[in-house]
Amino acid sequence: MAATTVSNKRVILKRYVTGFPSEEDMDVVTAEAPLMAVPAGSTAVVVKNLYISCDPYMRNRMTRHEVPSYVADYVPGEVLTNYGVMKVISSGHPDFKAGDLVWGITGWEEYTMIDNPESLSKINHPDLPLSYYTGVLGLPGLTAYAGFFEICKPKKGDYVFISAASGAVGQIVGQLAKITGCYVIGSAGSDQKVNLLKTKFGFDDAFNYKKELDLDAALKRHFPEGIDIYFENVGGATLDAVLPNMRLRGRIAACGMISQYNLDNPDGVHNLFYIVTKRLRMEGFLVFDYNKMYHRFEEEMAAYLKERKITYVEDVVVGLDAAPAVLIGLFTGRNVGKQLVAVSQE
């Protein structure tokens, strides 16, 4: 194959971010794509990006950290990276060939040359929507599965509360909890999302936290006997209200704290002593700790999807030009369901 180049639209970080990010912190530029044919002797692959994932953790990577964070900072002037679904265009690696559908870390751009293709995974269920590999069959799905079953250790009849319950992870946790036989309540930031939780995802009930003047009272109303499991996605005032409402020896999986990501001075939590008096177990986790579980999770989740025991809602925008705005929208609750960008709809 002759070495050819084409134009390549990409999203770059313009500058490090402090406080609330804006679209102006990023730029959509057009550059020359990588070689469409992998150089002789290279084990790299060139991919065409089909879908890219928008996730709250990307905000952390937009800030320069003096002390290294759990994931590397982005570099101003360079393309943003995250998980995506791709089609292999050219390959020098024996495990991949042109036409293969894969998912893994890629650039927020039309074409990417991936030097470590061993980090990619082939799509094993192409009969399901390919975009699911940015969500329910990808890292958000594994996050929900590992966090709920490995950290929360649910039992039938447990009372479960999920914050940010209509998001990429929360909607899956709630449905897994219902399959397990738990009583499930979720909070979300709009009446539309609350309705989704109750009518599409099968939650027992849900509430719009923006309409609640007293979160403690809202939790007591929905959990008069207390909470066994809290799947934490928000932090701040929500966590503070949950702690007094936990039952004895309750479990809290600390998955994320989206309310804190854009604050220069994070909110304090005043009710931590309840961890002692109620003998609670609160454990943070990163999905990467559970990568070895992925195959088991993928097969179980694919079966649930095909049997329609689990449903998944995505918020898909088309085109990289829209990517900066939808990433910022994660922090204002603009999205309904898992946020992703369709780069190329083949």
K.L.:
If every non-hydrogen atom of V11 is compared with every non-hydrogen atom of P324, which pair is closest and at what distance?
P.N.:
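Closest approach of V11 to P324: CG1-CG, 4.1 Å.
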K.L.:
When you group the ILVMFWY residues by side-chain heavy-atom contacts below 4.5 Å and let the links chain together, are M282 and V276 in the same group?
P.N.:
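No, separate clusters.
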K.L.:
Could you tell me the separation between the OH atom of Y183 and the CG atom of D205, rounded to the nearest 0.5 Å?
P.N.:
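Output value for this atom pair is 5.5 Å.
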K.L.:
Distance-only check: which donor-acceptor pairs under 3.5 Å involve side-chain atoms of residues 136-153, not counting sequence neighbours?
P.N.:
residue : atom : partner : partner atom : Å
T143    : OG1  : L139    : O            : 2.7
Y145    : OH   : R296    : NE           : 3.4
Y145    : OH   : E300    : OE1          : 2.8

K.L.:
Considering only distance and modelled atom types, tabulate donor-acceptor pairs under 3.5 Å from the side chains of residues 193-201, sequence neighbours left out.
P.N.:
residue : atom : partner : partner atom : Å
K193    : NZ   : G333    : O            : 2.8
K193    : NZ   : N335    : O            : 3.0
T199    : OG1  : N195    : O            : 2.7

K.L.:
To the nearest 0.5 Å, tell me how far I172 CD1 sits from T311 OG1.
P.N.:
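Reported to 0.5 Å precision, the distance equals 11.0 Å.
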K.L.:
Is a side-chain N or O of D73 found less than 3.5 angstrom from the main chain of H65, in a donor-acceptor match?
P.N.:
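Indeed, once roles are kept as given, a pair shorter than 3.5 Å links the two residues.
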K.L.:
Could you work out, with side chain to side chain donor-acceptor pair (under 3.5 Å) as the rule, every residue matching N116, not counting sequence neighbours?
P.N.:
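Listed in chain order: nothing, the list is empty.
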K.L.:
Please state whether the rings of Y132 and Y312 are parallel, tilted or perpendicular, taking 30° and 60° as the class boundaries.
P.N.:
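Rings of Y132 and Y312: perpendicular, as their planes differ by over 60°.
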K.L.:
Transitive ILVMFWY cluster of V75 at side-chain heavy atoms under 4.5 Å: who else is in it?
P.N.:
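Taking Ile, Leu, Val, Met, Phe, Trp and Tyr as members, V75 stands alone, with no cluster partners.
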K.L.:
Do L263 and M62 sit in the same hydrophobic cluster, where Ile, Leu, Val, Met, Phe, Trp and Tyr count as joined when their side-chain heavy atoms come under 4.5 Å apart?
P.N.:
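Unlinked, L263 and M62 end up in two clusters.
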K.L.:
Quick one: closest heavy-atom pair of A342 and V316, and the distance?
P.N.:
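Between these two residues, the closest heavy atoms are CB-CG1, 4.0 Å.
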K.L.:
Should side-chain heavy atoms under 4.5 Å link Ile, Leu, Val, Met, Phe, Trp and Tyr, which residues sit in the same cluster as V47?
P.N.:
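Noted: V47 shares its cluster with V45, M86, V88, F96, V102, I114, L120.
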K.L.:
Looking only at side chains, do Y70 and N60 share a donor and an acceptor under 3.5 Å apart?
P.N.:
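Judged by distance alone, the side chains do not pair up.
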K.L.:
State, with a plain yes or no, whether a side-chain heavy atom of S166 is found less than 4.5 Å away from one of V336.
P.N.:
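Not touching, per the 4.5 Å side-chain cut-off.
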K.L.:
Once side chain to side chain donor-acceptor pair (under 3.5 Å) is applied, do any residues pair with N49, and if so which ones, sequence neighbours excluded?
P.N.:
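Listed in chain order: T106, T112.
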K.L.:
State the OG-CD distance between S7 and E110, to the nearest 0.5 angstrom.
P.N.:
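That separation rounds to 6.0 Å.
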K.L.:
Tell me whether K306 at atom NZ has more than 12 heavy atoms from other residues, nucleotides or ligands lying less than 6.0 Å away.
P.N.:
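Count over threshold, so yes.
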K.L.:
How far apart are the closest heavy atoms of G170 and I162, and which atoms are they?
P.N.:
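Answer, listing the atom of G170 first, then I162: CA-CG2, 3.9 Å.
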K.L.:
I'd like to know if the side chain of T63 and the backbone of V17 have a donor-acceptor N/O pair within less than 3.5 Å.
P.N.:
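Yes; at least one donor-acceptor contact below 3.5 Å.
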K.L.:
Quick one: do L248 and I275 end up in the same hydrophobic cluster if we chain Ile, Leu, Val, Met, Phe, Trp and Tyr together by side-chain heavy atoms under 4.5 Å apart?
P.N.:
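No, it is not one cluster - the side chains of L248 and I275 are not joined through contacts under 4.5 Å.
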K.L.:
Heavy atoms only: give me the nearest A168-K338 pair and the separation to one decimal.
P.N.:
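Minimum heavy-atom contact is CB-CD, 3.4 Å.
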K.L.:
Side chains of P117 and D95, heavy atoms from C-beta outward: is any pair under 4.5 Å?
P.N.:
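Contact flag for P117/D95 side chains = no.
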K.L.:
With a cutoff of under 4.5 Å between side-chain heavy atoms, which Ile, Leu, Val, Met, Phe, Trp and Tyr residues group with V318?
P.N.:
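Joined to V318, directly or through intermediates: none.
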K.L.:
If the plane angle is over 60° it's perpendicular, under 30° parallel, otherwise tilted; pick one for F161 and Y230.
P.N.:
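The rings of F161 and Y230 lie parallel, inter-plane angle below 30°.
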K.L.:
Nearest 0.5 Å please: distance from the CG atom of L239 over to the CG atom of L215.
P.N.:
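It comes to 11.5 Å.
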K.L.:
Go through it in stages, so that I can follow the logic: the residues are V287 and Y57, the test is side-chain contact (heavy atoms from CB on, under 4.5 Å), and I'd like the CA-CA distance, side-chain angles, deciding distance and then a yes or no.
P.N.:
CA-CA 12 Å; V287 65; Y57 90 97; over 6 Å; no
K.L.:
So do the side chains of V184 and F203 get within less than 4.5 Å of each other, counting heavy atoms only?
P.N.:
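V184 vs F203: side chains touch.
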K.L.:
side-chain contact (heavy atoms from CB on, under 4.5 Å), that's the test. Do N82 and R61 meet it? Break it down for me.
P.N.:
CA-CA 11 Å; N82 197 17; R61 301 187 68 185; 5.8 Å; no
K.L.:
Just wondering, more than 12 heavy atoms not from R64 lying within 6.0 Å of its CZ?
P.N.:
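Open.
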K.L.:
Sub-3.5 Å donor-acceptor pair from the side chain of Y261 to the main-chain atoms of M257, do we have one?
P.N.:
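The answer is yes, because a donor-acceptor pair under 3.5 Å joins these two groups.
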K.L.:
Do D191 and K211 come within less than 4.5 Å of each other through their side chains, counting heavy atoms only?
P.N.:
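Yes. Closest side-chain heavy atoms under 4.5 Å.
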K.L.:
Evaluate the side-chain contact (heavy atoms from CB on, under 4.5 Å) criterion for residues V173 and N233: first the C-alpha distance (whole Å), next the side-chain angles of each, then the deciding distance (0.1 Å), finally the verdict.
P.N.:
CA-CA 11 Å; V173 175; N233 292 308; over 6 Å; no
K.L.:
When rounded to the nearest 0.5 angstrom, what is the spacing between CG in D240 and CG in D267?
P.N.:
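If I round to the nearest 0.5 Å, the distance is 9.0 Å.
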K.L.:
Tell me every residue that passes side chain to side chain donor-acceptor pair (under 3.5 Å) with K220, counting only those two or more places apart in sequence or in another chain.
P.N.:
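Result, side chain to side chain donor-acceptor pair (under 3.5 Å) vs K220: D216, N245.
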K.L.:
Hey, does the side chain of D228 reach the backbone of Y159 with a donor-acceptor pair shorter than 3.5 angstrom?
P.N.:
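Here the side-chain-to-backbone pair exists.
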K.L.:
Give a yes or no on whether the backbone of C182 and the side-chain of T180 come within a donor-acceptor separation of less than 3.5 Å.
P.N.:
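Side chain of T180 to backbone of C182: no pair is present.
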K.L.:
Test your reading of the model: is there a side-chain donor-acceptor pair from Y74 to the backbone of R59, 3.5 Å cut-off?
P.N.:
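No, the answer is negative, given that no donor and acceptor are paired below the 3.5 Å cut-off.
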K.L.:
Shortest non-hydrogen contact from P56 to L330?
P.N.:
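Looks like N-CD1, 3.7 Å.
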K.L.:
Residues two or more places apart in sequence or in another chain: which of them pass salt bridge (Lys or Arg N to Asp or Glu O under 4.0 Å) with D315?
P.N.:
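Salt bridge (Lys or Arg N to Asp or Glu O under 4.0 Å) list for D315, sorted by chain: R334.
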K.L.:
Do T43 and E118 have side chains that approach each other closer than 4.5 Å (heavy atoms only, starting at C-beta)?
P.N.:
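No, their side chains stay 4.5 Å or more apart.
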K.L.:
Is the shortest heavy-atom distance from the side chain of H125 to the side chain of E299 under 4.5 Å?
P.N.:
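Yes. Closest side-chain heavy atoms under 4.5 Å.
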K.L.:
Do any pairs count as a side chain to side chain donor-acceptor pair (under 3.5 Å) and have a residue in residues 170-179, sequence neighbours left out, and if so which ones?
P.N.:
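Sorted result for residues 170-179: K178-D204.
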K.L.:
Keeping the roles fixed (side chain from D158, backbone from K155), state whether a donor-acceptor pair exists under 3.5 Å.
P.N.:
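Yes; judged by distance alone, with no hydrogens or angles, the pair exists.
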K.L.:
Determine whether a donor-acceptor pair (N or O, by modelled atom type, separation under 3.5 Å) exists between the side chain of R249 and the backbone of R247.
P.N.:
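Such a contact is absent between R249 side chain and R247 backbone.
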K.L.:
I'd like to know if the side chain of K278 and the backbone of M246 have a donor-acceptor N/O pair within less than 3.5 Å.
P.N.:
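Yes, K278 side chain to M246 backbone: donor-acceptor pair under 3.5 Å.
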K.L.:
So which heavy atom on L101 is nearest to which on K87, and how close?
P.N.:
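Looking at all heavy atoms of both residues, the shortest contact is CD2-CB, 4.2 Å.
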K.L.:
Applying side-chain contact (heavy atoms from CB on, under 4.5 Å), run through S53 and Y133 and close with a yes or a no.
P.N.:
CA-CA 9 Å; S53 179; Y133 280 86; over 6 Å; no
K.L.:
CE/M301 to CD1/I310 distance, rounded to the nearest 0.5 angstrom?
P.N.:
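So the CE of M301 and the CD1 of I310 are separated by 4.0 Å.
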K.L.:
Any side-chain heavy-atom pair from P39 and M113 closer than 4.5 angstrom?
P.N.:
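When only atoms from C-beta onward are counted, M113 and P39 do touch, with a gap below 4.5 Å.
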K.L.:
Report yes if some heavy atom in the side chain of Y209 is under 4.5 Å from a heavy atom in the side chain of V234; otherwise report no.
P.N.:
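Side-chain contact under 4.5 Å: no.
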K.L.:
Apart from V29 itself, which Ile, Leu, Val, Met, Phe, Trp or Tyr residues share its cluster (side-chain heavy atoms under 4.5 Å, direct or through members)?
P.N.:
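Other cluster members: I12.
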K.L.:
For F285 and F231, take the angle between the two ring planes, folded into 0 to 90°, and tell me which bin it lands in: parallel under 30, tilted 30 to 60, perpendicular over 60.
P.N.:
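The rings of F285 and F231 stand perpendicular, inter-plane angle above 60°.
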K.L.:
Quick one: which residue pairs count as a side chain to side chain donor-acceptor pair (under 3.5 Å) with a foot in residues 9-21, not counting sequence neighbours?
P.N.:
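Residue pairs with at least one partner in residues 9-21: K9-D321, R10-E109, R15-D25.
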